[in-house]
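Chain letters run A, B, ... following the sequence lines, proteins first and then strands; every chain starts at 1. Note that the structure is a prediction, hence the values are computed from the model and not measured.
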Amino acid sequence: MKKVFSRPRTLKDVPFHYCSGCGHSITHRLIAEAIDELGIADRTIGIPPAGCAVIAYNYFDIDMLEAPHGRGCAVATGMKRVLPDRIIFSYQGDGDLAAIGTAETFHAANRGENITVLFINNAVYGMTGGQMAPTTLLGQTSTTTPPGRTAVLDGHPVHFSEVLATLAGAVYVERCAVNSPANIARAKRAIRKAFQYQMQDRGFSLVEILSQCPTNWKMRPTDACRWVDEVMTKEFPLGVIKDLQAKG
Amino acid sequence: MQGNRVIGEAAIRAGCRFYAGYPITPQNELTEYMAEHMRRVKGGVFIQAESELAAINMVLGASAAGARAMTSSSSPGISLKQEGISSLAADELPAVIVNIMRGGPGLGNILPSQGDYFQATRGGGHGDYRTIVLAPASVQELADLTMDAFDLADRYRNPVLLLADGMMGQMMEPVEFRTPSPRQYREEYILRGKGTGKSRFIRALILDAIRMEEHNWKLYRKYQVIAEEEVRFETFWTDDAEILIVAYGTAARIAKGAIKRSREMGIAVGLIRPITLWPFPGEVIRRFAEEVGSFLVFEMNTGQMLEDVKLALEGRARVDFYGRPGGVIPTPAELAKVIAYQVKR
Ligand SMILES: Cc1ncc(C[n+]2csc(CCOP(=O)(O)OP(=O)(O)O)c2C)c(N)n1
Ligand code: SF4
């Protein structure tokens, strides 16, 4: 019998600790597939965050260096400048990237650091138990917005990908989702493209992934997938936000 | 050559190939020197970071990638770096961190101070770790200890702090740069992508208590070795001394001036100058207490190293303190008066 589907080589044979239905697992797989297809596992170094993906180094069969919470883009900058011919990616949640790591992310993009960032937007702080994230939607409840997020008290959801896209150093920014087969296929293409841009020394690339967190959303996995479509994408529309290459 | 610039030159000669920093007085000349001269050397990287937080984390990435890496700042900026320094210690990554101290707490001022002794010698950030702390007292020593800092960081795979103050950073003195020894650092500690080998990772997170404890004890054993092997100090006019000053850095220079004056007045006073603040030369101080009954700790703060001297002496001798915090630079004459008063008592 012909084998048509198997674990990507770049994922170790280790069960994920993620909750069932979690977008992190799917995204890990897509990254591993992209690395395999591009044949760059030997020279790729990943930087996991503080967040639910903190032990991503247990799953990826590539070199990895854990960053303190929010500092992924600074750590990636240091690595890439020393090893310009390696592929360096930082993997960060919304709290990590768009709250505590705002400055590091913004300025790495502005310097046009030739790195790739995977930005996992699940609209909550997963690891610490479901507090408000910068990307939490208005009205969405969390453990620190029990009646729902209000603009007056808590501010608006941050559209950080759009902010980064305004910076000259950012060459490619796309928002994807992993809640349906079609969206997963699109996300995979985006991740591949981001790595390819880095391989071509083009500059800063970022793929935002709208990612289900059934546990903290207090939903069944299928409902969480539906919520991404029906609610989350209304605030955070999918698609290419910036692609300098596409223009010519 | 100016102290701040000497640190930069010594670092580059020692093979430093990555520097990230954020402007703060009184150490800007060092950042500017690196901006100008890093481009001189092959593979040299200079980054003006968006904050001290970013700078230390860039250093973390660069160090893991195999570069000799350095950052520098002054007191408030060093506070911001502490999370990163703690991470470097946890990850067992080498790095050199320069603190050209200024008056504090808070924003304080931009004048020379030794107010960061506690922060420097107790790890500084969170968790159970130590950093090696070198305290130069001349421009020549800034050059030598900067080079040593890189070697020590590599040997023990641990961050090393060069702790000086605004006076040392701004001071001009002649200097000779020695030829540094070639770097000895094993390839297995560097992440360059797995190549044809097995993948590896560096991390500080260890969720299991027993394994975390093991890591803590492993680091502890390393710190014990450092404490055994790396204590450095200078003694000055101690042979016949009846009273001993303990001072480091700029304060030790002032103390030497005061000792010369006191000697002219017939007072038998000498100096112990710790060069490593951690590990602290406590054993040496304790041995002196067999002959000397009176110690005077002199610092440009309200009494921080004082605690280490008292701990070393464990009541074996009398310990007094004279200090000027806040950026005040005491004069040798002022200290000589304190010594004279001390003797009369
Ligand atoms: C300096 C610091 N502050 C706070 C924390 C605690 N912390 C760990 S992960 C996290 C946020 C996680 O949320 P997010 O980045 O959105 O990732 P997710 O877990 O949702 O994937 C926080 C606040 C920390 N590790 N370090
Ligand atoms: S808490 Fe949420 S983000 Fe974290 S593993 Fe579970 S589902 Fe995923």
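- Residue V82(A) comes nearest to A67(B) through the heavy atom pair CG2-CB, 3.7 Å, listed as atom of the first residue, atom of the second, then distance.
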Using the rule given for salt bridge (Lys or Arg N to Asp or Glu O under 4.0 Å), can you reason through D61(A) versus K194(B), listing the C-alpha separation, both sets of side-chain angles and the distance that settles it, and then say yes or no?
CA-CA 9 Å; D61(A) 190 13; K194(B) 67 176 179 173; 3.4 Å; yes
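- Counting heavy atoms of neighbouring residues, nucleotides and ligands inside a 6.0 Å radius, atom CZ of R122(B) exceeds 12 of them.
- The stretch residues 20-43 of chain A places A41(A), D42(A), R43(A) near chain B, each with some heavy atom under 4.5 Å from a heavy atom of that chain.
- Per-residue heavy-atom pair counts under 4.5 Å with chain B were compared for H69(A), E66(A), E104(A), and the maximum is reached by E66(A).
- Taking the side chain as every heavy atom from C-beta outward, R71(A) and L53(B) approach each other to under 4.5 Å.
- A donor-acceptor contact shorter than 3.5 Å is absent between the side chain of E50(B) and the backbone of H107(A).
- Contacts of K80(A) with chain B are absent, with no heavy-atom separation under 4.5 Å from either backbone or side chain.
- Shortest non-hydrogen contact noted between R192(B) and L83(A) is CA-CD1, 4.0 Å.
- Residues satisfying the side-chain contact (heavy atoms from CB on, under 4.5 Å) criterion with A89(B), sequence neighbours excluded, are Y129(B), N158(B), P159(B), Y223(B).
- Of the listed residues (K12(A), R111(A), M64(A)), the one with the most heavy-atom contacts under 4.5 Å to chain B is M64(A).
- The shortest heavy-atom contact between F201(B) and N58(A) is CZ-OD1, 4.0 Å.
- Each of I87(A), I62(A), N110(A), T77(A) has some count of heavy-atom pairs under 4.5 Å with chain B, and the biggest count is that of I62(A).
- Within 6.0 Å of CZ on R211(B) lie no more than 12 heavy atoms contributed by other residues, nucleotides or ligands.
- Side-chain contact between V54(A) and L207(B) is absent, with no heavy-atom pair separated by less than 4.5 Å.
- More than 12 heavy atoms of other residues, nucleotides or ligands sit less than 6.0 Å from atom CZ of F118(B).
- A donor-acceptor contact shorter than 3.5 Å is absent between the side chain of E83(B) and the backbone of P68(A).
- Between S199(B) and the options D63(A), T44(A), I45(A), a side-chain contact (heavy atoms from CB on, under 4.5 Å) holds for only D63(A).
- For the options V59(B), T196(B), I47(B), heavy-atom pairs under 4.5 Å to chain A are most numerous at I47(B).
- Counting heavy-atom pairs closer than 4.5 Å to chain A, the top residue among A54(B), A20(B), G43(B), S86(B) is A54(B).
- Heavy atoms of F46(B) lying under 4.5 Å from chain A belong exclusively to its backbone.
- The closest side-chain heavy-atom distance from R81(A) to F18(B) is below 4.5 Å.
- Crowding of E188(B) atom CD: a count of heavy atoms from other residues, nucleotides or ligands under 6.0 Å exceeding 12.
- Heavy-atom neighbours of I110(B) CD1 from other residues, nucleotides or ligands within 6.0 Å: at or below the threshold of 12.
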